[in-house]
Structure formats: C-alpha cells, structure tokens
Amino acid sequence: MNIRLNHLPTAELQRLDAAYHMHPFTDGDALAERGARIITGAQGAMLTDSEGVQMLDGMAGLWCCNIGHGRHEVADAAHAQMLQLSYYNTFFMTSHPPVIELSERLAELAPGPLNHTFYASGGSEANDTNIRLVRHYWAAKGKPEKKIIIARKNGYHGSTIGAASLGGMQAMHAQGGLPIPDIVHIDQPDWWSEGGDMDPAEFGLARARQLAEKIAELGEDKVAAFIAEPVQGAGGVIVPPDTYWPELQAICDAHDILLIADEVITGFGRTGNMFGSETYDIRPDIMTIAKGLSSGYAPIGGSILSDDVAEVINSAGDFNHGYTYSGHPMTCAVALENLRILTEEKMVENVRDNTGPYLAEKWATLADHPMVGEAKIKGFMASVALTPDKAARAPFASPKGTVGLRCRDRCFAGNLVMRHVGDRMIISPPLILTHAEIDMLIERAWRAIDETYEGLKRDGMFTAAA
Ligand code: PXG
C-alpha cells in the first residue's frame, strides 16, 4: 500500500506543511520558521519521525491513544465496517448495528443511571450538545429561564464557540468575543498556584463552595447546570484536593441543577478507573466522552445521559440537534473494538493496580529536583510545576510559559513528548506503558528538567517574579 508522501525528505514535508496546512493552536509564522516535527508512524507507546528517530509518546497522541498505537484489530474493524456499511445517518427513524451495540456497551460501562448516548465527532461537539441539551431539558420541564451554565476558569471543554465558552481559557475568550451569554465561571482548585496560606483541604472546600455562592447569587431558578472535568487536563493536570469533589457533589445534590462531568480526558481508564467519576465518586447527570472512547483511531465523542435526562428529552418532541456523523458506523465499530481491547486486556485494572502505582512512585521523585515545586498524579495523568523558589511556590520572572516551552523543547530533543501548560509540564501516556517504559519516561523527564534548569541559570533566568 502507498503510504502517502512518507518518501519525501523532511525539509520538503516541512515546506509543504507550512505552505498549505493551518495548524490548531499554533503561531503559524513561528512554525514555518522552525518546521514541524513530522510523525510518520507509531507502535505501542513509541512514535517515529521522518528522520527515523523514535520518541516516547508521553501524551498518548493528545490524551487519547489509551490502548497504544498501531493495533491491527482496530484497523481490521474499520475496514470490515466500511465494506459492510460505510455510512448511514441516524436522523430520520433509522439506525444501524454498530451504533446500537456501542450504545448498549457504553450503558454497561458508564456508572449508575448513565445509559443513553448522543453522538458527536469529538469532545467539543459533544459539549455543544450539552449546552443545547440542558437548556432544552429545563424548558421541557416548564422552566425555560433555567439556562445559565456554571463552569470553571482554566477549565477546557473544547474549541467550538459553545465549548470554548464553557471553557475558562482567557486566551481563547480573547479571540472572537467569548463567552456566549449565560455561561459564568468560578475559580479552579489549583492549590499550588492559588492556594495562598490555606492548606489544601481548606482550599478545596473554599473553591467548591464558590459553586454554592454562585448559585445563590444568580438564583437557583436561573441555573441549568454545572460542568467540570474530574481532573483538569489541558489546564495543566490540576489534581484537586481530596475535599473538593465531595463538597461539589453535595452542593449539586442540594440544588436543582444538572451536573455535567466532562470525561473527555479522564474517561476510559485515564485515572485508574474506567471513569474519573468513579475515582472521585461523582454522580453526573450527563457525561462528556471522546478521545479514549476510540483511543484516537477515529474521531468520535458523545454525551451519556442519565435515565432521568433522557426520559425528559425523549418525551419533549423533536430535539432539533444532530451532526451528520452522529453515530457514524465506522467510528462506532472502531470504538467497540477499542473498548474490547481495553477491557479484555485489563488495561484499566493494570493502571489501577500495577503501572499506575509504579508511575506514581517514580513521578514523585521528580519533586526532588530543585526546580520542581509539586509533582501531582492521578492514575496515568500527571504534572510538575516548575518554579525558581519551591518554598514560596513562586512563578518565574519571565512571561508565563517561557520556561515551560524551553523544557518542552528539551523533552523533544531528548525524544520524549511531554507537553507544557504555562510553566507546568504534563504527561498522559498510553495505558500500556511497561515498567521499563516508565523508567525511560522518568529518566528523560528528569534530564529535560535538569537541562532546562542549567540553561536558565546560564542565561540568568532562574529568577522569581517580583
Ligand atoms: N473536553 C475536554 C476535557 C478536553 O480535554 C475537549 C473537551 C474537546 O474535545 P475535542 O475532541 O473537540 O478536541 C477536550 C480536548 C491540550 C489539548 O492542549 C487538549 C484537548 C484538545 C486539544 C488540545 O492539552 N482536549
């Protein structure tokens, strides 16, 4: 089979890429000057670039490749389904076996009464669905004025206009006049950066109670829902204090609002249970899923609704919403095969009982580095905060992200993919990582942090903000 353009030299691929391809979340001119690193193949947890160099994929693609790269069974499932039924819609009283089977499987896997899935092509679309859903739900119950959604600063829910509005990313809101009306944000549970003199437990409670305060301020009769990621991913793997989620759940229980758990990252094993909601004992009314649902082998996302929410929506006439690719046969077949591999090979249990604790033990050692302020981990998602002054939990004097980017570059140079969010370094590796690969990850991460540290000292940049 012809693997397109793989034969071209790297410089030519980079030139064509810069000339014709618009990259997401990228400074185009800066990229054109530097040239993209071209990834040509992947197997397991290892990526191969156009120079034939092997890199450890510490981000599972983009938080998604939970079962690892290159599984033939998934490709075979896609191939077989395309030949059987390449496409048919699910709009006008029609359905097909893969979407039926996947929906039943998700009802089995998702906790409690989450039994009914509405499909999208990714997490952003699914969260846009959620905005429509929760407002339609309350209108159907005779309360159309209940339409405000409370979300969190530095939360990430996607990049469409609706999802980016739910997110609390200032840089995104600054472009295009976001958020849309009736979405408001409370503070995040990032103790290391924002906890001040409070201890983490006290801080977790204080941040959770902002939800109750916001509901009181807006009026319960105006609030439709609260949305949050069990662990913020794109915000920097902010693992909340243990006091945070029980308090949030109690507040949601005490008020007549819906709880949406955005499990796009935390779903399908990432936190050591099938869902982050199980890890934190969260009882959502709606769960957003994507990424690990197909391990990135095909674009698919969705919203899993509780029995109550589904019943209200189903009995309210047409829900005037849907995507051409809602429940696409091939992506459903891919998701089913991915879930078969994930469950039959006990990958989630392995992260929970074996490799997760091993990674946690090794990840904690990074906190011994003089530039690491905190090392946090939940299952197979982890972060370190880089700082010039551990005791003071101080940020660097350089603009936020400068040090993180330097460290990211050292990681790339050392053949480890680790992302930076501001000056936090984060990982979210495939769930199949072996002990040896974990050792390799930690060794490369330490080296990258250390090279960054030496570079900062050399360049007179190892200084705290005034
Ligand atoms: N919710 C959460 C919690 C996410 O992490 C989305 C929704 C949107 O999903 P789609 O499939 O529409 O991208 C995400 C996506 C990053 C990064 O830089 C994170 C995501 C996407 C792109 C970049 O960490 N998460």
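Note that ligands are numbered from 1 as they come in the structure, with each ligand's atoms numbered from 1 the same way. The first residue of the sequence shown is numbered 1, and numbering continues consecutively from there. Atoms considered below: every heavy atom in the structure, side chains included; atoms not considered: hydrogens, waters and symmetry mates.
- Within the structure, the closest approach of Gln232 to ligand 1 does not fall below 4.0 Å when heavy atoms are considered.
- With a 4.0 Å cut-off on non-hydrogen atoms, Leu62 touches ligand 1 through its side chain and not its backbone.
- Side-chain atoms of Ser428 and Arg270 form a donor-acceptor pair, as typed in the model, at a separation below 3.5 Å.
- Set against the non-hydrogen atoms of Asn127, the atoms of ligand 1 under 4.0 Å away are 1 (N), 7 (C).
- Proximity of the aromatic rings of Tyr325 and Tyr119 is defined here by a centroid distance below 6.0 angstrom, and this criterion is not met.
- Contact atoms of ligand 1 toward Gly123: 8 (C), 9 (O), 10 (P), 11 (O), 12 (O) (distance under 4.0 Å to a heavy atom of the residue).
- Within the 4.0 Å heavy-atom criterion, the part of Trp63 lying near ligand 1 is the side chain and not the backbone.
- Residue Arg419 approaches ligand 1 through these ligand atoms, each under 4.0 Å from one of its heavy atoms: 16 (C), 18 (O), 24 (O).
- Looking at Ser124 and Asn127, their side chains never bring a donor and an acceptor atom within 3.5 Å of each other.
- Ring pair Trp245/Tyr280 is tilted by interplanar angle, where 30° to 60° counts as tilted.
- At under 3.5 Å, not a single nitrogen or oxygen of Ile265, backbone or side chain, sits near a nitrogen or oxygen of ligand 1.
- Below 30°, between 30° and 60°, or above 60°: for Tyr87 and His328 the angle between ring planes is between 30° and 60°, a tilted geometry.
- In the vicinity of Gly122, heavy-atom distances shorter than 4.0 Å reach the ligand 1 atoms 11 (O).
- Interface of Ala234 with ligand 1, defined as ligand atoms under 4.0 Å from a residue heavy atom, comprises 16 (C), 19 (C), 24 (O).
- Looking at atom 12 (O) of ligand 1, its nearest protein heavy atom turns out to be Ser124 OG, 2.5 Å.
- Side-chain contact of Asp308 with Tyr137: a donor-acceptor pair under 3.5 Å is present, judged by distance alone.
- Ligand 1 has no N or O atom lying under 3.5 Å from any N or O atom of Glu125, backbone or side chain.
- Side-chain contact check for His21 and Asp17: at least one donor-acceptor pair (N or O, by modelled atom type) lies under 3.5 Å.
- With hydrogens and angles left out, the side-chain atoms of His185 and Arg152 include no donor and acceptor closer than 3.5 Å.
- For atom 2 (C) of ligand 1, the closest non-hydrogen atom of the protein is Tyr156 O, 3.3 Å.
- Inspection of the Thr288 and Glu263 side chains reveals no N or O donor paired with an N or O acceptor under 3.5 Å.
- Note that Arg410 lies outside the cation-pi zone of Phe412, set by a 6.0 Å cut-off to the ring centre and a 45° limit from the axis.
- Each of the following atoms of ligand 1 lies closer than 4.0 Å to a heavy atom of Glu229: 3 (C).
- At the shortest separation from atom 21 (C) of ligand 1 among protein heavy atoms lies Lys291 NZ, 3.6 Å.
- Among the atoms of Asp262, some N or O lies under 3.5 angstrom from an N or O of ligand 1.
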